[in-house]
Enquirer: 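Sharing a structure here in structure tokens format.
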Amino acid sequence: LYWMVNPRTYSNITRSAGMEYNLKNYVLGNLVEAYLESVLDDRNTKRYITRSSMDVKLKHYPEEILEIKASFETDSLHAQTVVDILDKSLENAGGGALDGQTFTKIQQHLVKDFQHKSKTNKYWQDILETRYMLGKDFHSNYLSTLQNITVDEFRAFVASILAKGNKVT
């Protein structure tokens, strides 16, 4: 009955920023995606949403750009609340409120994710396409690049995305 009485809202938020197409920015984009996924999975956010997805892509064509897309389903009353939570989380990360322990957990999650994905055909198809079609190697030094990124570099990366101000809701 709840689902029939309360109207559902599907929301999409997109942020973009011009970004050089390289391994470090690719890894930083993956860190942003993992961080925002953890925000959406947090129980304080989860109580407002029934479904969500997060997608961060570093694109090379038609221009080099980083694109962050968040999609979620909620009731009409809480749509803006979830948007505010995501915006505040990005502002906190870019403003220095993200602590080293949380950042380390996100890095460890990405290491496990890398180990899992590198066993799939889809992963290797994407890696080979990027390597031979674009001349970029996003596999060989992925783990070392991930482990060498500091929390301060992550903060600066997020701050640079926010400074562009390119957001569509």
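Values below: all heavy atoms of this structure, side chains included; hydrogens, waters and symmetry mates excluded.
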Enquirer: Output the distance between atom CG (Leu58) and atom CD1 (Ile65), rounded to the nearest 0.5 Å.
Expert: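 Reported value, rounded in 0.5 Å steps: 9.5 Å.
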Enquirer: Nearest 0.5 angstrom please: Ser16 OG to Lys69 NZ, how far?
Expert: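 Ser16 atom OG to Lys69 atom NZ measures 10.5 Å (nearest 0.5 Å).
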Enquirer: Do Leu128 and Leu23 belong together in a cluster built from hydrophobic side chains that touch within less than 4.5 Å?
Expert: no
Enquirer: When you check the gap from the basic side-chain N to the acidic O, do Asp42 and Lys46 get nearer than 4.0 Å?
Expert: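 Salt bridge between Asp42 and Lys46, a charged N being under 4.0 Å from a carboxylate O: no.
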Enquirer: Hey, are the side chains of Thr74 and Tyr10 touching, using non-hydrogen atoms and a 4.5 Å cut-off?
Expert: no
Enquirer: Mind checking the CG-CG spacing from Leu110 to Leu143? Nearest 0.5 Å is all I need.
Expert: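 Rounded to the nearest 0.5 Å, the CG-CG separation comes to 10.0 Å.
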Enquirer: Within the distance-only criterion (no hydrogens, no angle test), does the side chain of Asp75 pair as donor or acceptor with the backbone N or O of His78 below 3.5 angstrom?
Expert: yes
Enquirer: Measure from the side-chain N and O atoms of Asn25 to the backbone N and O of Met19, and report whether any donor-acceptor pair falls under 3.5 Å.
Expert: no
Enquirer: So, Thr9 and Ser76: side-chain donor and acceptor under 3.5 Å apart, yes or no?
Expert: yes
Enquirer: Count the heavy atoms belonging to other residues, nucleotides or ligands that lie under 6.0 Å from CG of Asn121, then report whether that count exceeds 12.
Expert: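 Counting other residues, nucleotides and ligands, CG of Asn121 stays at 12 neighbours or fewer.
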Enquirer: Any idea which heavy atoms bring His109 and Ala34 closest together, and the distance?
Expert: CD2-CB, 4.1 Å
Enquirer: Side-chain contact, heavy-atom cut-off 4.5 Å: Leu90 with Leu36?
Expert: yes
Enquirer: Are Glu33 and Asp55 packed together at the side-chain level, in the sense that at least one heavy-atom pair is separated by less than 4.5 angstrom?
Expert: yes
Enquirer: Side-chain donor-acceptor pair under 3.5 Å between Thr81 and Asp84, yes or no?
Expert: no
Enquirer: Run the ring pair (Phe, Tyr, Trp, His ring centres under 6.0 Å) check on Phe114 and His139 step by step: do they pass?
Expert: CA-CA 10 Å; Phe114 173 80; His139 172 76; 5.6 Å; yes
Enquirer: With a 3.5 Å distance limit and no angle check, can you tell me whether Asn141 reaches the backbone of Ser144 through a side-chain donor-acceptor pair?
Expert: no
Enquirer: Give me the atom names and distance for the closest heavy-atom approach of Ser71 to Asn12.
Expert: OG-OD1, 2.6 Å
Enquirer: Who pairs with Leu134 by side chain to side chain contact (heavy atoms under 4.5 Å, CB included), at least two apart in sequence or on another chain?
Expert: Tyr21, His60, Thr130, Lys136
Enquirer: Hey, are Glu67 and Lys57 close enough for a salt bridge, meaning a charged N less than 4.0 Å from a carboxylate O?
Expert: no
Enquirer: Is Tyr35 reachable from Val83 through a run of I, L, V, M, F, W or Y residues, each pair having side-chain heavy atoms under 4.5 Å apart?
Expert: yes
Enquirer: Holding to side chain to side chain contact (heavy atoms under 4.5 Å, CB included), I want the full list of residues that pass it with Gln147, two or more places apart in sequence or in another chain.
Expert: Val111
Enquirer: Taking the side chain as every heavy atom from C-beta outward, state whether Lys105 and Gln101 have any atom pair closer than 4.5 Å.
Expert: yes
Enquirer: Enter the distance from Ser118:OG to Tyr123:OH here, rounded to the nearest 0.5 Å.
Expert: 6.0 Å
Enquirer: Excluding sequence neighbours, so at least two apart, what forms side chain to side chain donor-acceptor pair (under 3.5 Å) with Asp41?
Expert: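 Side chain to side chain donor-acceptor pair (under 3.5 Å) list for Asp41, sorted by chain: empty.
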Enquirer: Between Phe103 and Gln107, is any pair of side-chain heavy atoms under 4.5 Å apart?
Expert: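 The answer is yes; the side chains approach within 4.5 Å.
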Enquirer: Between Arg15 and Asp87, does any NZ, NE, NH1 or NH2 come within less than 4.0 Å of an OD or OE carboxylate oxygen?
Expert: yes
Enquirer: So Trp124 and Thr120, do their side chains get closer than 4.5 Å, heavy atoms only?
Expert: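 Contact flag for Thr120/Trp124 side chains = no.
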Enquirer: Ala79 and Ser11: which non-hydrogen atoms are nearest, and at how many Å?
Expert: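 Scanning both residues, the minimum pair turns out to be CB-OG, 3.9 Å.
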Enquirer: Locate the shortest heavy-atom distance separating Met54 from Ala70; write the atom from each residue and the value.
Expert: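 That closest heavy-atom pairing would be CE-CB, 3.3 Å.
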Enquirer: Rounded to the nearest 0.5 Å, what separates atom CD in Glu91 from atom CG in Leu98?
Expert: 14.0 Å
Enquirer: With the side chain counted from C-beta on, respond yes when Phe157 and Ile149 share a heavy-atom pair under 4.5 Å apart, and no when they do not.
Expert: no
Enquirer: Between the side chain of Thr45 and the main-chain N/O of Val39, is any donor-acceptor distance below 3.5 Å?
Expert: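 Answer holds: yes.
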Enquirer: Could you check whether any side-chain heavy atom of Leu86 comes within less than 4.5 Å of a side-chain heavy atom of Leu40, counting everything from C-beta outward?
Expert: yes
Enquirer: Nearest 0.5 angstrom please: Glu20 CD to Leu66 CG, how far?
Expert: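 Going from CD on Glu20 over to CG on Leu66, the span is 13.0 Å.
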Enquirer: Tell me, with the steps shown, if Phe154 and Val32 meet side-chain contact (heavy atoms from CB on, under 4.5 Å).
Expert: CA-CA 8 Å; Phe154 179 74; Val32 169; 3.7 Å; yes
Enquirer: When you compare the side chains of Arg8 and Thr50, does any donor N or O come within less than 3.5 Å of an acceptor on the partner?
Expert: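 Distance-only check passes for Arg8 and Thr50.
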Enquirer: Using distance alone, with no hydrogens and no angle criterion, decide if Asn148 and Thr145 have a side-chain donor and acceptor under 3.5 Å apart.
Expert: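 Judged by distance alone, the side chains do not pair up.
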Enquirer: Keeping Thr14 on the side-chain end and Val168 on the backbone end, is there a donor-acceptor pair under 3.5 Å?
Expert: no
